[in-house]
Amino acid sequence: MKLKKILENKQLFLLLILILIWIVFGLVNPEILSVASVYALFRSSIVPLLIALPEMMIIIMGGIDMVFTIVVASSSYCSLLFWTKVSGVNAPFIGILLMSMMIGVLCYVICWFFIEKVKIPTFITTLGANSLIKGFVLAFVGTSYVNSLPNCIKSINSMNLATAKTFNGADSILHGSIIFVIIIYILMYIMMEKTVFGRKLYAIGANEDFARRAGINVSKVRLISFVIAGIICAWAGLLHDSLSRLSMPIPVDIVGKELNSIAAVVIGIGGSKKAGGAVVGTALGVLLLQLIMTNLVMLGVPSYWQQLVSGIIIMGGLSLQTINLNKKGNGGLIND
Amino acid sequence: MINNKKIKFSKETTRMIFVTLGVFLVMGLLRPHLFFRSANFLSMGYQLPELGLYSLAMMLAMLSGGIDLSVVAIGNLSGIVAAKVLQFGVANNFVGGKLAFNIFLAVICALIIGVVCGTFNGILISKLSINPMLLTMASSLIIMGTSVLISKAKSVSGIPDCLLYVGSHTLLGIPYSLWLFILVLIFVTFLLNKHSFGFKLKMVGGNPVASKYSGINVSRIIIITYLLSGILSSLCGLEILFKTNAAKSDYASTYVLQAILCAVLGATDPEGGFAKVSCLVLSLFSLQFLSSGFNLLRLSGYYKDFSWGLLLLLVLSIDYFSVLIKNIWRKFRRVKLC
């Protein structure tokens with residue numbers, strides 16, 4: 001009886017899978033079980049954890065967002081380029097933050113206009129906006145890297161909470177911004193699960209027409225959630241730039257990797273159309289994918305195989321979750 | 001008998017004709033002495049089929065209410081497999097009948113790859129009802145992983161000279177690859193407009209539940225659609241191989257976005273159920289005019305990204321803005337009358 005309950009709770013089930021995979025990996029290579037390796041996992045999942053949140057909100061509302069990666073990249077790049085040109089390394093943190101947040105929100109508000117007013121499907125709009133923003137930044141703003149970041153951004157990079165030694169003696173660092181990420185996740189959890197606004201998002205995702213007839217102002221709810229998405233994207237972009245110590249217009253580890261976030265969210269939310277657990281599920285999904293992708297090398301998988309292996313894992317996760325969903329007869333996850 | 005009927009275009013076609021003409025004139029008038037030259041049009045003829053075949057594959061998948069993001073991955077895998085087979089022939093100095101058989105084998109292998117990948121997509125989408133967008137994204141990762149594995153992430157080159165001749169020469173002033181594209185176009189047009197399959201496909205895309213109750217085998221139609229999409233993609237992979245003498249696992253990965261853009265611009269309804277081959281060809285032309293024009297203006301490729309995104313959003317919102325302008329005009333006139 002109890003086992004059945006655990007299996008029904010998707011997020012608990014996912015946590016069990018995460019721990020199981022971690023232990024299995026650890027049996028092959030004991031170093032993966034060490035504290036240092038866990039610290040490294042957290043450090044590599046800071047940015048993916050953040051950029052999965054906007055995607056999560058939009059998938060809950062029944063669409064697929066393709067624009068978030070380019071918003072993450074361009075908002076921080078434009079703002080850093082502007083402030084380093086204006087005041088060099090002493091640029092004020094508040095100014096950088098406000099400007100990148102404004103750019104992020106602007107990108108999402110443009111998307112909102114086309115989705116809500118012109119009635120173009122979310123996927124097509126965000127795909128077009130992706131191409132539009134990428135072209136705009138590269139053609140009109142700049143293509144050069146920002147190598148000398150402002151001091152305030154640099155100082156984020158050296159926020160260390162704890163260090164641990166790996167087996168060959170190198171330092172592995174628990175980065176301070178993980179606390180920031182955890183705070184945002186707690187806030188998102190409260191917003192999604194405990195407030196009326198979060199309930200409205202789930203309602204729109206279940207059926208937009210019904211939600212409208214139940215008196216929800218769909219257009220307004222979508223605008224607010226897009227603004228939140230833009231703000232989170234801007235934060236994620238600044239964190240990414242400070243972690244990688246330079247700002248690129250099109251960082252290859254984010255742009256073009258939309259699938260990783262989408263897969264993490266879909267695996268995380270899974271079949272739970274019972275409207276709940278999305279935030280926890282997303283965190284677990286991102287951690288699971290990061291665990292697998294970062295540790296394939298340590299398991300001794302040849303680099304030629306890695307793309308194939310990660311593809312098969314993503315495909316397996318998607319199929320399992322969708323089969324579960326169909327069994328319950330809840331219909332598709334995504335309406336578009 | 002004189003036919004007095006005027007040729008009537010649908011709303012979508014008229015809109016696309018105006019857009020295409022507009023782009024053509026703007027791009028032409030910016031560099032008239034370079035744009036209106038036969039060499040320019042010939043080079044456009046060589047560039048058209050790649051995007052055209054991928055967009056047709058995308059259009060078929062979209063018509064069924066789904067999307068196929070694995071087209072480019074399938075094309076590249078077929079190109080790599082065909083190149084491997086052809087390399088074997090070149091290494092052993094095949095001539096005459098043996099060479100012909102080798103080429104035949106390579107083409108068949110490439111097409112089989114397309115059939116297998118397409119059927120795989122179709123079966124998973126129709127039987128397990130996984131969201132097509134997510135599924136084809138994941139399957140494109142797997143297919144790309146396979147081609148990385150086969151090619152060791154290097155480009156595979158070295159195909160017989162006769163195939164290179166086909167890839168880079170013209171017949172009656174039109175490149176061979178464009179002839180291939182025209183044949184495929186005729187085939188798809190026939191399939192969609194004159195064959196019962198096309199009718200059923202449109203029904204399934206428009207309303208899968210209703211078509212299921214009216215006796216259409218929905219999953220069979222969807223599997224065949226993705227199979228066709230796979231075959232078209234592998235044809236495109238072959239065409240790229242013959243033209244460039246190389247196949248690579250990550251060649252032209254931006255074509256996925258462009259193919260969606262081209263299909264949606266060409267009046268394909270992304271929700272499924274409606275598509276027009278004539279509009280698709282027109283939108284293909286307008287995209288090609290844009291990119292050739294930008295090349296002649298010596299602008300960087302980034303302007304292309306920008307203008308394509310802008311074009312997609314603007315063309316899809318023409319209706320919205322025309323209604324808006326009409327309303328404002330009406331209000332303005334009412335104020336005047338008062």
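Quick caveat, the model's predicted, so the values are computed rather than measured. Keep in mind that the numbers below use all heavy atoms, side chains included, and drop hydrogens, waters and symmetry copies.
- Neither the backbone nor the side chain of A:Lys119 comes within contact range of chain B; no heavy atoms are under 4.5 Å apart.
- Formation of a donor-acceptor pair under 3.5 Å by the B:Thr136 side chain with backbone atoms of B:Asp68 is not found in this model.
- When heavy atoms are compared at a cutoff of 4.5 Å, B:Leu141 approaches chain A by way of both its backbone and its side chain.
- Aromatic pair A:Phe114/B:Tyr320: centroids not less than 6.0 angstrom apart.
- Ring centroid separation for the pair A:Phe140 and B:Phe306 comes in under the 6.0 Å cut-off.
- Using modelled atom types, one side-chain atom of B:Ser283 and one backbone atom of B:Cys262 make a donor-acceptor pair closer than 3.5 Å.
- Of the atoms belonging to B:Leu324, not a single heavy atom falls under 4.5 Å from chain A.
- Put simply, of A:Pro302, A:Ala129, A:Ser131, the one with the most heavy-atom pairs under 4.5 Å next to chain B is A:Ser131.
- Ranked by heavy-atom pairs shorter than 4.5 Å toward chain B, the options A:Ile120, A:Ile133, A:Ile313, A:Val137 are led by A:Ile120.
- With A:Asn130 contributing its side chain and A:Met66 its backbone, the two residues share a donor-acceptor pair below 3.5 Å.
- Of the listed residues (A:Val309, A:Leu132, A:Ile312, A:Leu308), the one with the most heavy-atom contacts under 4.5 Å to chain B is A:Leu132.
- For chain A, the nearby parts of B:Leu316 are the backbone and the side chain; heavy atoms of each come within less than 4.5 Å.
- For the options B:Ile142, B:Leu124, B:Leu261, heavy-atom pairs under 4.5 Å to chain A are most numerous at B:Ile142.
- Shown here is B:Phe285, whose CZ atom has no more than 12 heavy atoms of other residues, nucleotides or ligands within 6.0 Å.
- With a 4.5 Å cut-off on non-hydrogen atoms, B:Ser139 touches chain A through its backbone and its side chain both.
- Taking 4.0 Å as the cut-off between side-chain N and carboxylate O, A:Glu116 and A:Lys220 do not count as a salt-bridged pair.
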